[in-house]
Amino acid sequence: MIKIEPVRAFHLRFSSHDLVEPFKEFIEKVLVPKGINHLVLECNTAFVFESHPEISGKGKLTKEDAKELSETCKNNGIRLIPLFQCLGHQGWGGAPNTILKAYPEFDETPHVPLDAKWPDFFCRSWCPLHPDVNALAFDLMDELIDAFEADAFHVGMDEVYAMADDECPRCKGKDRADLFAKSVNDMYGHLVKKRGVEMFMWGDRLNDSDKTGYNPWEGDTFGTHRAIDSIPNDIVIMDWHYDKLDAYPSIGIFIEKGFTVIPACWFKTGAAVDLLDESKRQAEELRSEGKMPGMIVTSWNGWTKESFGKFVNMAPPSKESQEELEELEELYRTLDVITGKLA
Ligand SMILES: [Zn+2]
């Protein structure tokens, strides 16, 4: 019998031309020895888009950089999956990103002040019903797929809260689950049906908070979760839980609905191990081990030359160590422990 390699994935935000060399060193000296075989590279608007120069933000990640990173990954058996945040996370707080600055007509909530902050406002979304928004999104996706020579694409879509706004002439009064599903299906139509790549997304907006007991970040209290029954189940779901919970019922729910689900942890080792063990248990119970093929370790620190270097030179912290570690040290330990468990 052929043994199918477990998915051992790592996520990071990456946006800088100047960091390509230290990043390559990090891939070769940290991720490769740990057996990472999937790399989710979140570049969003930091890529230098040739089709839409008006979108390229502060980062300067070029087509040549993408090719270099793609080659480094291919040479080391790593599948590189570009991530571009669709629908939500179009900026931070009231501040719009470059998409909404260039195309303010796509903003779902143009009336929200630029200096709005959590808890008044989380962040902006594009309007899923604006007739021109998908054409732009598809152009940007196409450029990333081509530049990274990718056979998979991650559309983000976590934490979308600005939806069906009362002041949006198109979405007002509409059902949030319908709008969310439409947006997912639009992306699917382009990525999977047209481009033939595999589609990945975060799972939180599809988790029913009432049913799962999740908080409003990991689950939905707002009306989007019913979209789970209106989207294709060959989208791969990355279901994130960064703190230890009593239970993670969404893993089984995704599997029962036919999705492949990859649990996502962050730096906390105990929480990560618990989520992986519990996810494996649920997949085994449902006799669907293939539907839970591995795990993704996410990182949300701002990567710099120093932090890449720190990892390259870090001695693996003891797996049994109970001492308090700083975030990056604990992230390293989590990477070590999780990839070890998925060896
Ligand atoms: Zn709208």
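Whatever order the structure lists ligands and atoms in, that order sets their numbers, starting from 1.
Remark: R195 is not positioned above the aromatic ring of F153, lacking an NZ or CZ atom under 6.0 angstrom from the ring centre and at most 45 degrees off the axis.
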Starting from the C-alpha separation in whole Å, work towards a yes-or-no answer on side-chain hydrogen bond (donor to acceptor under 3.5 Å, both in side chains) for T269 and R333.
CA-CA 7 Å; T269 313; R333 182 174 66 184; 3.0 Å; yes
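Shown here are the side-chain contact (heavy atoms from CB on, under 4.5 Å) partners of D132, two or more places apart in sequence or in another chain: F106, H130.
Ion pairing between E50 and K63 holds under the 4.0 Å rule for side-chain N and carboxylate O. A salt bridge does not link K172 to D165: none of the charged side-chain nitrogens sits closer than 4.0 Å to a carboxylate oxygen.
Note on the Zn ion (ligand 1): protein N/O/S atoms under 2.8 Å are E108 OE1, C127 SG, C168 SG, C171 SG.
Contact between K182 and P128 at its shortest, heavy atoms only, is NZ-O, 3.8 Å.
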